Structure formats: structure tokens, C-alpha cells
Amino acid sequence: MEVFLFPLVNVTLFPRTTKPLNVFEPRYLTMIRDAVENQVPVAIGFIEDPAKVSSVRPGEKVSFVRDIAGYGYAQIVEERLNGTLLVFLQGQGKIKLGNVLDRGTPYIVCEGQIIPEKTVLEPELQGELGSLHKLLTRWIYTHIPDAAQRDLFMRNMIQPEEIVGGFASYLVRDYDLQQMVLEFNDINEKVHFLHRLMESNELTI
């Protein structure tokens, strides 16, 4: 499938999570409007080193982003007087980024191959998932003062993928580790990895 690529430094989009984005650069304002109008998914490309960002041509790979990316559909939440946008990107899944396509746009359009994942949690990991959920709930009640927002957040933290995505997004302070979690293809690997991080206290609480 085709995706619009939004390269960002140290940003990862997890399936079944929502990523708020402040968009201000003209080409990406155009990209978001085009994505919304044509219902084209947007992929977040994880940039590890901004110094390596360079121009790319059709037929090439985008060398400065990781080739595994979360993708989703954009919703414009607010269009400000200065032309900038507040956007919610609703994570749908993840893809392997392919070659750049020649679409004549100011932003990058790529081929993307959807990566299937194992999303059924093994019974023996229910306890570890429960521990992650408990800690995430504590974080939500500590850091989100608005009761309505908290309730909305909690309603979206039911399935293992939602808990894992929320936990990795908000409690893992190392961006490379966040991307590592995204690149696991098995929910059981993700839960066990995050549980080990929780036990090591390498988290933002």
C-alpha cells in the first residue's frame, strides 16, 4: 500500500494508540490535509540521527529512518489562526517501508508492506500484563488532571496492544527502546520485555 511518510526525531507510533502532533512545516501541513481528504495512511518514520537526514529520490529507500514504522489515519483536531494544525494520528498497525514513489508531492510517499503480528497473549503472561496496566493506570492518574481525559484514556486501555502501546509511549524514557518494542512482532515478547524494564525501574513514573 501507499503511505505518506512523516519523519520525526525519536517518535514512534504504536498500533491502537493515538499520537497528538503539532504540525507547522508547510509540506507536512499539505501532507496532513491530503491524507485526511484522500484517506491515505500516514507512517511515522523514526529518525535516530537528524544529521543524516538527506533528500531522497523515487525508487530509493529512505535511509535516515528506521524501516519499521507505525502507521495510522490522521484527524485534524484544531486548525489555528497561524495555519498550524493539531492532529491526532490513530495508530492502525505497522509496516516495512519500501521505495519512495514518484507522486510529485512536497512530502515523501512510500510503498509500505503491512507486517502481521501475533496479538494473542499467552495465559502465563496475564500477570505481567496486569502489572503493566496497574503502573500505567497510576501514571494516568498522576499526570492527567482532567477527569474526562483520564476516563477517555482508561477506556482505551483494555486490550493488550492498547496497554503495551500506552505503556511504551508514556513510561519508557528511552526512545530507542520504544522503537525496539514496536519492532517486536509478538505481543508476548512486548509484554515480557516491558515487564523486565519495569522491574529494572528504567521508566518514567
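As the structure is a prediction and not an experimental result, all values here were calculated from the model.
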message = So, using side-chain hydrogen bond (donor to acceptor under 3.5 Å, both in side chains) as the criterion, who are the partners of N38 when residues are at least two apart?
response = none
inquiry  = side chain to side chain donor-acceptor pair (under 3.5 Å), that's the test. Do T12 and Q178 meet it? Break it down for me.
reply    = CA-CA 7 Å; T12 299; Q178 289 185 11; 4.5 Å; no
ask   = Is V36 reachable from L86 through a run of I, L, V, M, F, W or Y residues, each pair having side-chain heavy atoms under 4.5 Å apart?
value = no
request  = Look up atom CG in N22 and atom CD in E78, then write down how far apart they are to the nearest 0.5 Å.
outcome  = 8.5 Å
message = Enumerate the salt bridge (charged side-chain N to carboxylate O under 4.0 Å, His left out) contacts for residues 28-43, please, sequence neighbours excluded, ordered by first and then second residue.
response = R33-E79
task = Would you kindly say whether Q90 and T18 are connected by a side-chain donor-acceptor distance under 3.5 Å?
result = yes
ask   = Can you find a heavy atom in the side chain of F193 that is under 4.5 Å from one in the side chain of L197?
value = yes
key: Heavy-atom pair with the smallest gap, counting every atom of P7 and L5   = CD-O, 3.4 Å
message = With salt bridge (charged side-chain N to carboxylate O under 4.0 Å, His left out) as the rule and sequence neighbours excluded, what pairs involving residues 83-99 come up?
response = D67-K96, K94-E117
Check: T119 and P160 side chains under 4.5 Å, non-hydrogen atoms = no
query = Under the side-chain hydrogen bond (donor to acceptor under 3.5 Å, both in side chains) test, which residues partner E2, sequence neighbours left out?
reply = R103
key: E60 and R57 ion-paired at < 4.0 Å   = yes
request  = First locate atom CE of M31, then atom CG of L85, and finally report the distance between them rounded to the nearest 0.5 Å.
outcome  = 10.5 Å
inquiry  = Suppose we screen for side-chain contact (heavy atoms from CB on, under 4.5 Å). Which residues come up paired with D49, at least two apart in sequence or across chains?
reply    = A51, K52
inquiry  = Considering only residues two or more places apart or on different chains, which pairs with a residue in residues 3-15 satisfy salt bridge (charged side-chain N to carboxylate O under 4.0 Å, His left out)?
reply    = none
key: Any L121 side-chain heavy atom under 4.5 Å of L129 side chain   = yes
query = Given the rule that I, L, V, M, F, W and Y join up when any side-chain heavy atoms are under 4.5 Å apart, are V172 and L13 in one cluster?
reply = no
ask   = Between OG of S131 and CD1 of I163, what distance do you get to the nearest 0.5 Å?
value = 11.0 Å
ask   = What pair of heavy atoms forms the shortest contact from C110 to V100, and how long is it?
value = SG-CG2, 4.2 Å
ask   = Among pairs that include at least one residue of residues 64-120, which meet ring pair (Phe, Tyr, Trp, His ring centres under 6.0 Å), considering only residues two or more places apart or in two chains?
value = F4-Y107
task = Could you pull out the closest heavy-atom pair between S54 and S63, with the gap in Å?
result = OG-OG, 4.5 Å
note = Closest non-hydrogen atoms of L182 and I68, given as atom of the first, atom of the second and distance, are CD2-O, 4.2 Å
task = Enumerate the residue pairs fulfilling ring pair (Phe, Tyr, Trp, His ring centres under 6.0 Å) with a member in residues 18-53, sequence neighbours excluded, ordered by first and then second residue.
result = F6-Y28
ask   = Do V120 and I187 touch side chain to side chain, with heavy atoms closer than 4.5 Å?
value = no
key: side-chain hydrogen bond (donor to acceptor under 3.5 Å, both in side chains) partners for E122, two or more places apart   = K118
task = Can you tell me which residue pairs pass the salt bridge (charged side-chain N to carboxylate O under 4.0 Å, His left out) test with a partner in residues 147-168, sequence neighbours excluded?
result = R16-E162
query = Under 4.5 Å between any side-chain heavy atoms of L21 and L8, yes or no?
reply = yes
ask   = In Å, rounded to the nearest 0.5 Å, how long is the span from CG of L132 to NE2 of H192?
value = 11.0 Å
inquiry  = As an exercise, state the distance from CG of L125 to CD of E128, rounded to the nearest 0.5 Å.
reply    = 5.0 Å
ask   = Given side chains that start at C-beta, do those of H133 and M154 come closer than 4.5 Å, heavy atoms only?
value = yes
Pairwise side-chain contact, I76 with I32, heavy-atom cut-off 4.5 Å (strictly under) = yes
ask   = Residues in side-chain hydrogen bond (donor to acceptor under 3.5 Å, both in side chains) with Q113, at least two apart?
value = none
task = Mind checking the CD-CG spacing from E199 to L194? Nearest 0.5 Å is all I need.
result = 11.5 Å
task = May I ask whether V181 and Y175 are part of the same hydrophobic cluster, defined by side-chain heavy atoms of I, L, V, M, F, W, Y residues being less than 4.5 angstrom apart, directly or through others?
result = no
query = Would you say I44 and Y170 are hydrophobically clustered, going by side-chain heavy atoms of ILVMFWY under 4.5 Å?
reply = no
Beyond-backbone contact of K61 with L97, side-chain heavy atoms, under 4.5 angstrom = no
query = Hey, any chance V109 and L89 share a hydrophobic cluster, counting ILVMFWY side chains that come within less than 4.5 Å of each other, even indirectly?
reply = yes
note = Those residues at least two apart in sequence (or on a different chain) that pass ring-ring contact (aromatic ring centres under 6.0 Å, His included) with F14 are none
key: Nearest heavy-atom neighbours spanning A43 and I95   = CB-CD1, 4.0 Å
request  = Please report the shortest heavy-atom distance between L136 and L171, naming the atom on each side.
outcome  = CD1-CD1, 3.6 Å
